[in-house]
Each structure stands twice: as structure tokens, then as C-alpha cells.
Amino acid sequence: MDVYEAVASRRAVRGFTGRQVPREVLERVLSAAAWAPSGSNLQPWHVYVLAGRPLAELKKRAGERIAASDPWDEPEYEQYPAALPSPYQERRSAFGEQRYGALGIPRADLEARQRAAAANWDCFGAPAALFCYVDRRMGRPQWSDLGMYLQSVMLLLRAEGLHSCPQMAWAKYHRTVAEVLSPPDALLLFCGMSIGHEDLGASRPRIGRAPLEETVTFVGG
């Protein structure tokens, strides 16, 4: 797949079929993604890949917590600033309107929005998922390395005809994830990522992007 095509077709898919993803495909993708850049080649990511019974067990445990209205775990990092300034707050609000509007959920229906959000912890039906950890001793530059790595993973998945959905939502249940994965204490869960074949019958909103002039400044040339 052409790189431009992979970038343009990559999006957060929130509806997957149960069609299995062969392990050799995931190994091929993750082996190639390891070439993602990182400062001084630290490669600060540590990834766990789940499928089959372990993933089913994690979904079950997360589902039980949702059903019991169990509070989220104590956050280990701040996902967003407490007060988002403009234009970021407007972009976040527009995302919510488009996301839930595509599902036919009005803004005032908080219960329906919560039900839709709960699909995160079922990986939107995906048969495979990865969980990306980082060493707690790492700083902001190394966290940015995670982003470059995960973007590489998602583009390579597109080259394999697969889709994905990166999910910081899993950090809210990091203790439940740890129960299944048993990571070393030195690792902190950054995000999960659902992986699989898109369910073409599910809602498929395409969230827009800011105009180039809002985010890019050309100097010279």
C-alpha cells in the first residue's frame, strides 16, 4: 500500500469482525515497526499482544467492572490538561459531536454516551489487541517516541489490510490489565490498541482535521 494511502485510510475504527488475525501477520508488523525512530535508539516501548483466551479474559474482567459501576483506577498520567485552551477544547467538543452524532446519540443522553464508551473495554469486538507500556523512569521525549512507534504500527497494519483503534481508555483500568499481563512494576500502561478487520456494517464516522494553515507555518522557501 502506498504510504499516502495508508495515512489517509488509517482511522480509529470502532467496530470489528471476529475474523482472526494470524500471529505471523502481527509478528511481521511489529518487527517492521521496531524501526520507528527513538531518541538515542532507546526504544522505550514494551508491548504485550493479546488474542484468544487471554484477551477474552481481560474483556470479561473489564466488563464486570463496568457492570458493577466500579470506579476507574487512580490515573498514572494526565491524559488531557485540566483546562483545555482554545482551539483544543473546540476540537475536542467537535469530535464528541461527530462521534456520538454518527451513533444517533444526542448530547444530553449521557447514559447512551456511557454505553457507547463502554465498547472500548470490549476492544470494539476486535480479536486482537496490544498494550503499550513505558518505563516509569522515562520522560516526555521518550513518551513522544511511543507515538512514533504506535503510528508505525497502525500504518503497517493498513498495509496488511487491517484496521486499529488506539485507546488511552485502557489506562483507566490499568490494574485489570496488569492482572492479566503481570507486567513488571517498573512499567506504566500508556494505551491499548484494538486490531482486526473492520465491520463494514458499523458506524464509520471520519473525523475531520484542522486546515493546514492552523497547524503549520512555512518560513522561507
Side-chain angles (χ1 to χ4, degrees), residues 1-38 43-60 62-63 95 98-104 116-134 144-171 173 177 180-181 189-210 212:
M1 181 182 288
D2 175 82
V3 175
Y4 280 89
E5 183 182 355
V7 170
S9 63
R10 187 222 63 82
R11 56 192 176 83
V13 166
R14 295 180 173 87
F16 295 88
T17 71
R19 180 180 170 188
Q20 297 300 304
V21 178
R23 176 167 174 166
E24 58 267 25
V25 172
L26 295 175
E27 289 180 347
R28 183 162 60 241
V29 164
L30 296 172
S31 293
W35 291 101
S38 60
Q43 305 165 72
W45 48 81
H46 190 97
V47 169
Y48 292 82
V49 181
L50 271 71
R53 289 184 180 179
L55 181 57
E57 176 64 20
L58 177 57
K59 291 180 179 181
K60 174 178 173 291
F95 163 76
Q98 293 180 63
R99 161 76 178 133
Y100 294 110
L103 296 173
N120 270 287
W121 297 291
D122 184 51
C123 293
F124 303 104
L130 68 76
F131 294 85
C132 184
Y133 284 79
V134 64
S144 73
D145 293 339
L146 299 186
M148 291 187 282
Y149 170 76
L150 292 168
Q151 174 76 337
S152 298
V153 171
M154 290 185 283
L155 296 182
L156 288 161
L157 288 169
R158 290 300 303 122
E160 296 284 354
L162 296 166
H163 274 285
S164 61
C165 182
Q167 300 163 268
M168 286 193 295
W170 276 108
Y173 284 164
V177 179
V180 175
L181 300 181
L189 178 61
F190 170 52
C191 73
M193 181 189 294
S194 298
I195 298 171
H197 295 272
E198 182 181 13
D199 178 0
L200 298 179
S203 173
R204 305 172 67 194
R206 180 65 168 170
I207 308 301
R209 295 295 188 266
L212 191 67

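All values below come from the heavy atoms of this structure, side chains included, with hydrogens, waters and symmetry mates left out.
Expressed to the nearest 0.5 Å, how far CG of Asp2 lies from CZ of Arg158 amounts to 12.5 Å. Between Leu156 atom CG and Leu162 atom CG the span is 11.0 Å, to the nearest 0.5 Å. Taken from CG in Leu130 to CG in Leu26, the straight-line distance is 8.5 Å, to the nearest 0.5 Å. Once rounded to the nearest 0.5 Å, the distance linking CD of Gln151 with OG of Ser164 reads 8.5 Å. We find the CD1-CD distance between Ile195 and Glu160 to be 11.5 Å, quoted to the nearest 0.5 Å.
Counting heavy atoms from C-beta on, the side chains of Phe16 and Asp199 never come closer than 4.5 Å. Looking only at side-chain heavy atoms (C-beta outward), Leu146 and Tyr133 stay at 4.5 Å or farther from each other. You'll find the side chain of Val21 stays beyond 4.5 Å of the side chain of Arg19, heavy atoms only. For the pair Cys191/Leu150, a side-chain contact is recorded, criterion being any heavy-atom separation below 4.5 Å from C-beta on.
Of the possible polar contacts, none joining the Arg10 side chain to the Ala8 backbone as a donor-acceptor pair under 3.5 Å is found. Looking only at distances, no side-chain donor or acceptor of Ser152 sits under 3.5 Å from a matching main-chain atom of Ala33. No donor-acceptor pair under 3.5 Å is formed between the side chain of Glu198 and the backbone N or O of Gly196. Judged purely by atom type and a 3.5 angstrom limit, Gln167 uses its side chain to pair as donor or acceptor with the backbone of Asn120.
The two atoms that bring Ala126 and Lys59 nearest to each other are O-NZ, 2.8 Å, heavy atoms only. In terms of heavy-atom proximity, Ala34 sits nearest to Trp45 at O-CZ2, 4.1 Å. Residue Ala6 comes nearest to Met1 through the heavy atom pair CA-SD, 3.4 Å, listed as atom of the first residue, atom of the second, then distance. Taking all atoms of both residues into account, the shortest heavy-atom contact from His163 to Ser9 is CE1-O, 3.5 Å. Nearest approach of Ser194 to Phe124, heavy atoms of both residues: OG-CD1, 4.3 Å.
Using cut-offs of 30° and 60° on the angle between ring planes, the pair Phe131 and Trp170 is perpendicular.
When the ring pair (Phe, Tyr, Trp, His ring centres under 6.0 Å) test is applied to Phe190, the partners found at least two apart in sequence or on another chain are Tyr77, Trp143.
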Could you go through residues 47-57 and list every donor-acceptor pair under 3.5 Å that involves a side-chain atom there, pairing it with any protein atom two or more places apart or in another chain?
residue, atom, partner, partner atom, Å
Glu57, OE2, Arg61, NE, 2.7
Glu57, OE2, Arg61, NH2, 3.4

Item to check | Check against side-chain contact (heavy atoms from CB on, under 4.5 Å), Met154 and Met193 | outcome: CA-CA 9 Å; Met154 290 185 283; Met193 181 189 294; 3.5 Å; yes

